[in-house]
Amino acid sequence: MQISYSKNEEKFRDKVRLWLKENVSDEIKDQTLGGSSLDTELMVKWHKKLYQKGWVAPEIDKKWGGSGFSQTENFIFGYEYARSGAPRLKTKLIAIGMLTPLLLQFGTKEQQERFIPDMISGEIQWAQGYSEPDAGSDLANLSTEAVLDGDDFIVNGQKIWTSMADYAHWMFMLVRTDTSGKKQQGISFLLVDLKSPGITIRPTEALTDHEPFCEVFFDNVRVPKENLVGKINEGWNIAKVLLEHERLNAFPVGEVIAALEIVVKNAEKINFRGKPLLEDPVFRRKLAVLDVDCKAFLYTFFRILSKLQSGSAPGPETSFLKAYGAELYQRVMDLSIEVMGPYGQSWYNLKEYGNPVHQATMGWVNARSLTIWGGASEIQRTIIATQVLKLPRK
Amino acid sequence: MQISYSKNEEKFRDKVRLWLKENVSDEIKDQTLGGSSLDTELMVKWHKKLYQKGWVAPEIDKKWGGSGFSQTENFIFGYEYARSGAPRLKTKLIAIGMLTPLLLQFGTKEQQERFIPDMISGEIQWAQGYSEPDAGSDLANLSTEAVLDGDDFIVNGQKIWTSMADYAHWMFMLVRTDTSGKKQQGISFLLVDLKSPGITIRPTEALTDHEPFCEVFFDNVRVPKENLVGKINEGWNIAKVLLEHERLNAFPVGEVIAALEIVVKNAEKINFRGKPLLEDPVFRRKLAVLDVDCKAFLYTFFRILSKLQSGSAPGPETSFLKAYGAELYQRVMDLSIEVMGPYGQSWYNLKEYGNPVHQATMGWVNARSLTIWGGASEIQRTIIATQVLKLPRK
Amino acid sequence: MDLEITREHLMLQDSARDFIKKEHSFDRLRELKKEPPLKYSRKVWKKMAKLDWLGLIYPEEYNGAQMDLSYAMALLEEFGRGMLPEPWISTVLLGGNLILSGGSKEQKKNFLPKIASGKLLMTLAYLEDGGRYDPNFCAAGAKKSGENFSISGKKIFVLDGSGADKIVVSARTSGAVDDREGITLFIIDKNADGLKIRPVKTMDGRNAASIDLNEVMVSEGDIIGEVDHGYNLMCDVIDQATAGLCAEMIGGMKATLNLTVRHLSDRIQFGKHLGSFQALQHKSADMLINQELAISAVYYAMASMVEKSDERVSAVSIAKAKCSHAYIENTKIAIQLFGAFGFTNEADIGFFFKRAKVAEILFGDCDYHYDRYLTLNRPLS
Amino acid sequence: MDLEITREHLMLQDSARDFIKKEHSFDRLRELKKEPPLKYSRKVWKKMAKLDWLGLIYPEEYNGAQMDLSYAMALLEEFGRGMLPEPWISTVLLGGNLILSGGSKEQKKNFLPKIASGKLLMTLAYLEDGGRYDPNFCAAGAKKSGENFSISGKKIFVLDGSGADKIVVSARTSGAVDDREGITLFIIDKNADGLKIRPVKTMDGRNAASIDLNEVMVSEGDIIGEVDHGYNLMCDVIDQATAGLCAEMIGGMKATLNLTVRHLSDRIQFGKHLGSFQALQHKSADMLINQELAISAVYYAMASMVEKSDERVSAVSIAKAKCSHAYIENTKIAIQLFGAFGFTNEADIGFFFKRAKVAEILFGDCDYHYDRYLTLNRPLS
């Protein structure tokens, strides 16, 4: 057992830390550390910079434009990255985190070569087409259909909550190709060019007043057969693997710790009856609880990493990380608003008042989505109960 | 709207308060205020004293030996009674709180005259025979059967968790008299003399190391037909009414507030780094939360009382009182143990050490049962969801 | 003991419900959100005047309806349920109420009928940077200058501060920055020289302002009550407004639960109504429990206000602590149960969520009121 | 970074599991409960010695197995799972460990082999009335008297204090009652004149004692470490025992969850397995979440102990705070899910519930460790 880094690992960490310190500007940090997402223009610039450094896709082989980091390096990198206030790339979750490993596992060589390098360079942005009006938590209930017609699929239907569809060039999606068997059978996995005729995209405004997702309508959209990933009617299995990836990616350990440090910094600056709020015993007790929970969460990540290093794969037991991480982040955000006192009412930035508030209120609102996306907390708990604890289903 | 008592009500309260102050001995308070139940001998004495005063059954008419209090008086009495540290009578919940009003509603004149006065005087103690090994939360699943044979029912089967069966003289019970229809049909309500041949009683030890309930076995026990309450096969409706009574009785508003005051008294006496614990800001904050919750709970009781006074009956919406009250009481008990520091490990009394601890640890353990008996908290929440909020059942 | 509301309260609530149905909707809110800085409409305000709602708690001699505070709370419950953004609390319960409670006869005659008729909007400015929620923290100073006072300083998060015609400002005439003595209340006109009103975006899309005072001159006649002795008056009025806000929060909670139950009863997933899933049922039950306890606390606070009981300050803190916790908690659960749809501006539920957060903070958050409760009921020896 | 336990740890755990299966049961616990004051058996203890468990962490030269602390924790996890009541923590991790860490060569030679062979039971007495959980609170005084010291005072809740052959007692040789300096550690024999050991009933039916010291004479040779400088040594050893206790708690949590899952999978109500009810499923999931986070914290504490990292004191407080909360919380849920049966002494689950409460308190509750964490990591300026 060992909790310290080796000499080499330490060197690697210092290298990453230094580069991030030099390159993550205050302008970026102002936006990210409050929990908000980065302006598009800044984001494009940042992606380019990171790509030139070769650090866009840490876990992907160098031959695809990735960093080819070892698992330990990958972890160190991710943790330092999040703590530095560097922005989460728009492509991180969906393209780099999910589609790339998925194509490497299920895609043809042609698909890999055609899509992966552009995905990493940021030239091609991707959206995810999963949910439908009647297929939310019950994803297998999806009904957007794809019918083979010669060399093309003809796609008809509707997707909702597709992140960044107004911004992305391509979308990967689940479609129904067979209605005869069980719901989980007859689903296929397609890659679709969003410029294809017959696609209508309507952005949806979220509680943050941003438009982070869209409705996408498909009216006789033709998709070439070679854009099918894996075998026809076997898309559900691919989706399940992808959900695993999503869960591990949705594990915001660096983010939650960085967020708590912001809370502490603000509490240091805010006056409460003649002293910094950070010295108030009641506040300190709340901080200690979160502090300790964040540490235990971090150590859990260390534990899983140790497991990965020794060659065991994390199974469904990682499902609790998504639920707990999201709820922990929400609790940190709650405290971040509480710290601000009356300023907690404000919508977005109130920098002009010299108040140590970044975009905390927006971050606070945004945090509510974490227990909904990527399998709601209720779904995660059912997975734990039935798949990890093996409780009976009836 | 009005929050103060009228002159007459105030006079009544002062009368009650004075009598209790003069009659609840320190010996009694030492046991009750820690959350523990009273020694049997002390309890018998106390029951006699209270009966002589005419205050055993506040809500029952004087002609049965009750107090004949108005609803307001009844409330004032109950609240002052609990806060004084007077012990909850063994007959309170089951005999006075449930069986008496039930007999008044469903019993024959003969049954009323035969049983009610002795119940109030304390001469005849009653036990409740509801649960069975396969009928806990799912009470309607009960299978102890009663078959009519001439003028008697022949009862066979087993009851569990029957409070005080080793102490009581009689038991009221639910039996199955018909198996042909739905589970809820074919249940009847019987009064059984526990001295009847064929009854075996085995006490069960609870986590408190006391034996507050028994298993009761019935082997061809003969019960005269006239001991049937209500009509045959219609016992389920009676049971449901009885559960309502149980819920209102299981509403420990005075108890929870008295318990919190004990916590405060202890925190005043306990030293924490040179000051009374009561002055520690972190402890004070915990106290404030419970204080405020107890007050809101008390005001809820006032609200329901106002409703009763204006003639509206409390419906299933009172179901939340049982769940919340039990959970609130548990939280108060948690704090009561926390206050004690290392002494929280002790089992029962450690008076010899001059520590301001009554029987808090036993009370703490006992409190766990509150969310289980009389419809577990989970059942209460399902009732709220389906009967109050009318959420769909499928 | 009587905590029930009467038939008269219910009638008032019925007419409020009718009014809101006719004059207001969530789509109106979506429009108002885009209209800085007012975020409400003077037209609707005038219509409310015609219903005698603006003078509701003022004496008949000032064209009021002379009702006690419990009617204000009954009305506010409906405003909360329907999310009516009009500045009733700031004008009627803060600004006008200060004059009603502590003003001179002349001030009453000057201001109250105008408020009742909808011609005058008022508010109170008392929060400052560095003072968190404490009304006694007051750095803004008023210097005597001949017959007048010259006021300089800054106030933040002034409720409905944009659009108010008159702003009552607390300013220090003596004492240290957090003394309770030495605070004086001044009525300042929105067009006064040296006054700058800056609109602030709030999360719930309503109206707040920061105000800068730079040697604003005020005459003695614009002082409410006595010089140096404004604190108790101000606190009593803030308490009344807090109780009113709590009633609004109750209305919001009730609407939140209704919307949630409707959603759970309509939506089908995995072949069953969402509302039949036990985990969601139990969360809904928790919402009811939170709500009912908050209601009890608010009714008690209301009754103790009406009765002017000694308990009232403590009762208000209990009510606000319970409401602050319950409303935000329930709207969080609601968003979760609505799922992705609940996270969009297309769903009405989001309005309640954001309003709950702002209401949690207005007039002090949970901790502020826990602290106030302790100071009153368990003072340190 | 490596937080995994090795094959050697697992082998040790396997043999512990076999041992417990053979030598121990919940019915044995029910019997032991009735046997004051020991509550464990010397016979089982001797058998544990034969397996080299009593000298597990001591050097080979003292007949120990010379394993690091991670093996102690692996073993304790199994003791916690099986509810083995034998006094391993008090003798091996407190008493013996004090001698191992701070004792003279002679003391080591005198005591450690005897502990390893099961002939000597030891413990530490450090808590006092009025000191809550603070080891620096020490009113018991030791007065120099020629070559010897005369100790008077009182210690409470001495772990396994009945039956210990030697008790290490902290006593003040200089300084004020809560100074860290001025505390000295003395080894006192159970038969010493002036020593009175009084058994105390604990909730989990184990062994604790209050001890009264009335001019107990101790020679210089029975001091561990230096006069006046016992505090750091004592704290370091208490930390190791705390980490060990945390491992025991993890074992208890795992058993609790297993028992609960088995119950939910077996029992049928309303025509369905209890375990298929969504609300109960989600509560079970919460138990797993609580448990896994606690495990992570304990593994990290263990590794930082083995590595003697600067973080170790803080890591122990994190682990104990998490375990204190998770174990009692999970056993409460378990009792609730077991229903009435869980509230009886016939069900095994109650042993875990009561042990969880005692373990929560031993070596400091959540608040104590939150406070310690803050003092270390977020010191007041």
Side-chain angles (χ1 to χ4, degrees), chain B residues 131 133-141 160-161 183 204-213 270-274 277 280 282-283 286 330 334 337-338 340-350 352-355 361-362 364-369 371-373 376-379 381-382 385, chain D residues 30 33 127-134 137 154 156-157 177-178 198 200-206 208 210 267-272 274 277 279-280 283 328 331-332 335-347 349-350 353-354 357-362 364-368 370-371:
Chain B
S131 297
D134 288 322
S137 285
D138 184 9
L139 187 57
N141 203 37
I160 53 174
W161 321 129
K183 283 197 298 189
T204 308
E205 207 179 77
L207 288 184
T208 54
D209 290 352
H210 288 142
E211 293 172 345
F213 34 64
I270 285 172
N271 174 58
F272 178 55
R273 296 184 184 158
L277 182 63
D280 175 61
V282 172
F283 174 76
K286 289 181 190 174
Q330 289 177 343
D334 279 346
I337 293 273
E338 198 187 309
M340 293 156 60
Y343 283 90
Q345 302 168 66
S346 66
W347 190 224
Y348 290 28
N349 226 327
L350 278 180
E352 52 162 324
Y353 300 106
N355 197 53
T361 53
M362 191 253 191
W364 177 79
V365 170
N366 215 8
R368 300 319 305 173
S369 68
T371 45
I372 299 174
W373 307 133
S377 290
E378 290 79 12
I379 299 282
R381 284 187 166 74
T382 298
Chain D
R30 291 185 181 92
K33 221 174 109 178
L127 292 176
E128 295 197 9
D129 261 333
R132 218 166 164 82
Y133 302 109
D134 292 337
F137 187 97
K154 193 185 141 189
I156 60 170
F157 289 98
V177 69
D178 54 359
R198 285 177 298 142
V200 167
K201 273 191 198 170
T202 57
M203 194 186 288
D204 58 353
R206 297 207 187 173
S210 282
R267 182 152 172 87
I268 290 172
Q269 288 277 279
F270 303 104
K272 290 161 59 181
L274 273 191
F277 286 90
L280 312 191
K283 283 194 178 167
I328 192 66
T331 55
K332 280 179 184 173
I335 298 276
Q336 181 70 20
L337 298 188
F338 267 85
F341 180 57
F343 194 66
T344 70
N345 279 340
E346 288 170 23
I349 194 73
F353 171 61
K354 290 177 172 175
K357 192 68 196 172
V358 171
E360 179 191 349
I361 291 169
L362 273 178
D365 64 3
C366 281
D367 265 338
Y368 174 80
Y370 283 134
D371 199 56

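Just so we're on the same page: letters track the sequence lines, and every chain starts at 1. The structure presented is a predicted model; accordingly, all values stated were derived computationally and were not measured.
- Salt-bridge formation is detected for the pair Lys332(D)/Asp334(B): a Lys NZ or Arg NE/NH1/NH2 atom is positioned less than 4.0 Å from an Asp or Glu carboxylate oxygen.
- Using a 4.5 Å cut-off between heavy atoms, Phe213(B) touches chain D through its side chain atoms alone.
- Neither the backbone nor the side chain of Leu139(B) comes within contact range of chain D; no heavy atoms are under 4.5 Å apart.
- Without hydrogens or angle criteria, Thr208(B) side chain to Asn366(B) main chain gives no donor-acceptor distance under 3.5 Å.
- Arg132(D) and Asp280(B) are not joined by a salt bridge, as no carboxylate oxygen comes within less than 4.0 angstrom of a charged side-chain nitrogen.
- Comparing Leu280(D), Asn345(D), Val177(D), Thr344(D) by heavy-atom pairs within less than 4.5 Å of chain B, the highest count is held by Asn345(D).
- Heavy atoms closer than 4.5 Å to chain B are found in the side chain of Arg267(D), but not in its backbone.
- Between chain B and the residues Asp134(D), Ile335(D), Leu362(D), Ile268(D), the most heavy-atom pairs under 4.5 angstrom are made by Asp134(D).
- Heavy-atom pairs under 4.5 Å with chain B were tallied for Phe277(D), Phe338(D), Phe341(D), Phe137(D); the largest tally goes to Phe341(D).
- Side chain of Gln330(B) to backbone of Ala367(B): a donor-acceptor contact under 3.5 angstrom is found.
- For the residue pair Lys354(D) and Asp209(B), the shortest heavy atom distance occurs at NZ-OD1, 3.8 Å.
- Chain B forms the most heavy-atom pairs under 4.5 Å with one residue out of Gly130(D), Gly350(D), Ala340(D), and that residue is Ala340(D).
- There is no contact between Ile160(B) and chain D, counting heavy-atom distances below 4.5 Å.
- For chain D, the nearby parts of Glu338(B) are the backbone and the side chain; heavy atoms of each come within less than 4.5 Å.
- Residue contact with chain D, scored on non-hydrogen atoms closer than 4.5 Å, is absent for Ser131(B).
- Among Asn141(B), Leu207(B), Asn271(B), the residue making the largest number of heavy-atom pairs under 4.5 Å with chain D is Leu207(B).
- Nearest heavy atom pair, residue Pro212(B) against residue Thr204(B), reads CD-O, 3.8 Å.
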Residue pair Glu378(B), Arg381(B): steps toward the salt bridge (charged side-chain N to carboxylate O under 4.0 Å, His left out) verdict: CA-CA 5 Å; Glu378(B) 290 79 12; Arg381(B) 284 187 166 74; over 6 Å; no
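- Checked against salt bridge (charged side-chain N to carboxylate O under 4.0 Å, His left out), Asp367(D) has the following partners two or more places apart in sequence or in another chain: Arg285(A), Lys286(B).
- Looking at Ala135(B), the atoms closer than 4.5 Å to chain D (heavy atoms on both sides) all sit in the backbone: N, CA, C or O.
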